[in-house]
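Below is one structure; the comments refer to it alone.
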Amino acid sequence: GKNATGTVWAGDFVFYGRGGNWAGQDWNTSVGVPQGFYYWLPPNGGNDGLLSNGFENTVVTNTAAHSGSYSLEFNMPFNRAPHDGYVGTQRFMLDGSGPTPRVALKNAGGKTVQAVAGDILRITVWIKASNLVPDSAALYPGTWAVGFTPLWFTGTGSNYGYNPVGPSNDYTFTFPATTAFDWTPYSLDITVPTGVNARALEVRLHVYSRFTGTIYFDDLSIEDIGSTTGVKNSLVPLTFDLANNYPNPFNPTTTIHYSVPNTAKISLAIYNVLGQEVRMLVDGNISAGYHDVVWDGKDNHGNTVQSGVFFYRLETGSMAIVKKMLLIK
C-alpha cells in the first residue's frame, strides 16, 4: 500500500494472459547484454537460467573484441542437440524520436538522416570465428549457419508488443570453407517496408539449429544508403522470397527484389489482369543470393504498356509467389 515501509525482495515473476496462457517470465540468465536487448535461448528461452543445447555458453565476453573490450559470444559444442536461438538488439526508431534508445541513423557521408519507407538500410556486423566445420556447412547450408533476423515494429514501447509488421525473414551468412577466420564484416541490405507503418527496427543475431563452433559478434551498425539498388550477396537467404516492388505505384520503371537460397531455375514474369504474360524478366538458372530486376513498363515486344494493375510472379519448381503492382501515367 501507499503507506508501507520496509524492504521487500521479489523474484520469479510469471505473467499469465487471457485464459491462463503463458504471457511472459523474468529473464535471469547472466548473458550480460545491455538493458533493452531481447534474447531467446533454449530450452526455455533463458527463463530462470535454464539453458542447454550449447546456449549455456552464450555471453557478453571480454575474451575477444573487434573494438573496445567486449563482444557477444556463441560457443556451440559439436555434440549439441539441434536448436536455434538468438540475441536481439534494442529496437530503435527510424527517425531517432520516441523513448530511449535514440539512435542517430547515418548515411554513407556520415550525415544524420531519417529513414522512410522504401529506403535501403545496410546492417553490418563484425564476426570472428573458430572451431568451424566446413563439411557441415556445405551439407546443411540453411541450418548449419548464423545470420540476421531483422524485424520491423510500429514503436519501441512495451505496449507495441512483440508482433512485428511487414516482412520477417531469416538470413544466413556465407562463411569461407575454413575452420577459423579473424574479424570480418558481414552485411545485409534491407528495404524499409511500405504500407505497414514501420517506425522501429530490431536486429536479431541468430544461431541456427545445426551450427557448431565459436562465434564472436561485435560493432553492429545500421546505415541508410538511400533508395538505391544493388543488394549485397554476403548473405544467403533461407527461402525463396519475393519483395514488394518499389516504387509502387510507379511510372515509368519499378524495381523488384527477390531471393534465392540455392542455385535454381526460376522465372519472374509480369502478367496483366487477364492472366496474359506481358513481360518475361528472368528465365533461367539463378545463383543463390539476393537479386533485383527493373521493369521499364514495356512488353516482350518492346511496346510501352498502358496504365493499370499488373501482377508479377516468381516461380521455381512447384512453388510460386505472386504480387500486385500499379502503373500510373
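The shortest distance between side-chain heavy atoms of Leu188 and Pro150 falls below 4.5 Å. At least one side-chain heavy atom of Lys265 sits less than 4.5 Å from a side-chain heavy atom of Asp283. With a 4.5 Å cut-off on side-chain heavy atoms, Tyr312 and Asn245 count as touching. Counting heavy atoms from C-beta on, the side chains of Thr61 and Ser71 come closer than 4.5 Å. You'll find the side chain of Val31 stays beyond 4.5 Å of the side chain of Phe37, heavy atoms only. When side chains are defined from C-beta on, Thr214 counts as touching Asn75, because their heavy atoms get closer than 4.5 Å. Here the side chains of Ser136 and Thr212 are not in contact, with every heavy-atom distance at 4.5 Å or above. Using a 4.5 Å heavy-atom cutoff, the side chains of Glu202 and Pro164 are not in contact.
Under the ring-ring contact (aromatic ring centres under 6.0 Å, His included) criterion, Phe181 pairs with Phe175, not counting sequence neighbours.
Salt-bridge check for Asp218 with Lys128: failed, with every basic side-chain N at 4.0 Å or more from each acidic carboxylate O.
A side-chain donor-acceptor contact under 3.5 Å links Asn248 to the backbone of Leu326. Proximity of a side-chain donor or acceptor of Lys323 to a complementary backbone N or O of Leu314 within less than 3.5 Å is not detected. Within the 3.5 Å criterion, the main-chain N or O of Gly147 finds no donor-acceptor partner in the side chain of Thr172. Judged by distance alone, the side chain of Thr254 and the main-chain N or O of Tyr246 form a donor-acceptor pair under 3.5 Å. Here the side chain of Arg204 pairs no donor or acceptor atom with the backbone of Gly88 at under 3.5 angstrom. A distance-only check finds a donor-acceptor pair linking the side chain of Arg279 to the backbone of Lys298 [under 3.5 Å]. Checked by atom type and distance alone, the side chain of Thr156 never pairs as donor or acceptor with a backbone atom of Arg91 at under 3.5 Å. Without hydrogens or angle criteria, Thr154 side chain to Asn197 main chain gives no donor-acceptor distance under 3.5 Å.
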**Q.** Trace of the side-chain contact (heavy atoms from CB on, under 4.5 Å) decision for Ile190 with Trp152
**A.** CA-CA 11 Å; Ile190 57 175; Trp152 307 96; 3.4 Å; yes
Q: Evaluate the criterion side-chain contact (heavy atoms from CB on, under 4.5 Å) for residue pair Val278 and Tyr271; output intermediate values, then yes/no.
A: CA-CA 5 Å; Val278 175; Tyr271 297 87; 5.6 Å; no
Q: Step by step, work out the side-chain contact (heavy atoms from CB on, under 4.5 Å) result for Phe250 and Leu327.
A: CA-CA 5 Å; Phe250 68 97; Leu327 171 61; 3.5 Å; yes
Q. Which is it for Thr149 and Asp170 under the side-chain hydrogen bond (donor to acceptor under 3.5 Å, both in side chains) test, yes or no, and what are the steps along the way?
A. CA-CA 5 Å; Thr149 305; Asp170 294 324; 2.6 Å; yes
(Q) Using the rule given for side-chain contact (heavy atoms from CB on, under 4.5 Å), can you reason through Ile270 versus Leu281, listing the C-alpha separation, both sets of side-chain angles and the distance that settles it, and then say yes or no? (A) CA-CA 7 Å; Ile270 310 294; Leu281 297 175; 3.8 Å; yes
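By the rule that hydrophobic residues join a cluster once side-chain heavy atoms approach within less than 4.5 Å of another member, Val207 and Leu50 end up as members of separate clusters. Cluster membership for Val133 and Tyr140, using ILVMFWY side-chain heavy atoms within less than 4.5 angstrom, is shared. Taking hydrophobic clusters as Ile, Leu, Val, Met, Phe, Trp and Tyr residues chained together by side-chain heavy-atom distances below 4.5 Å, Ile328 does not share a cluster with Ile256. Following chains of ILVMFWY side-chain contacts shorter than 4.5 Å, one cannot reach Ile127 starting from Val59, and the two form parts of different hydrophobic clusters. Under the 4.5 Å side-chain contact rule for hydrophobic residues, Ile222 and Val116 do not share a cluster.
Environment of NZ in Lys324: sparse, with no more than 12 heavy atoms of neighbouring residues, nucleotides or ligands closer than 6.0 Å. For Tyr70, the OH atom sits in a loose shell: 12 or fewer heavy atoms of surrounding residues, nucleotides or ligands are nearer than 6.0 Å.
Residues Pro42 and His83 approach most closely at CG-ND1, 3.2 Å, considering heavy atoms. In plain terms, the two heavy atoms of Leu51 and Gly46 that are nearest each other are CD2-CA, 3.7 Å. Shortest non-hydrogen contact noted between Met280 and Leu268 is SD-O, 3.7 Å. In terms of heavy-atom proximity, Phe148 sits nearest to Thr124 at CZ-C, 4.4 Å. A pairwise comparison of heavy atoms in Val260 and Ile266 identifies CG2-CD1, 4.4 Å as the closest pair. Closest non-hydrogen pair, Val309 versus Val273, comes out as O-CG1, 3.5 Å.
Interatomic distance, OG1 of Thr316 versus CG of Asn262, reported as 8.0 Å (0.5 Å rounding). Atom CG of Leu121 sits about 9.0 Å away from atom CG of Asp189, to the nearest 0.5 Å. In this structure, CD in Gln114 is found 5.0 Å from CG in Asp95, a value given to the nearest 0.5 Å. From Asp299, atom CG reaches atom CD of Gln306 across 10.5 Å, with rounding to the nearest 0.5 Å. For the atom pair Ser130 OG and Ile215 CD1, the distance stands at 8.0 Å (nearest 0.5 Å). Distance check: Ile286 CD1 to Ser267 OG gives 10.0 Å after rounding to the nearest 0.5 Å.
The other residues sharing a hydrophobic cluster with Phe153 are Leu151, where clustering joins ILVMFWY side chains under 4.5 Å apart. Trp183 shares a hydrophobic cluster with Trp126, Tyr216; the chain of contacts runs through ILVMFWY side chains whose heavy atoms sit under 4.5 Å apart.
Considering Leu205, Thr58, Val87 in turn, Val87 is the only one that fulfils the side-chain contact (heavy atoms from CB on, under 4.5 Å) rule with Tyr39. Shown are Tyr86, Phe173, Trp144, Phe55; of these, the ring pair (Phe, Tyr, Trp, His ring centres under 6.0 Å) with Phe211 is made only by Trp144.
Counting only N and O atoms by type, the side chains of Ser209 and Asp84 include no donor and acceptor under 3.5 Å apart.
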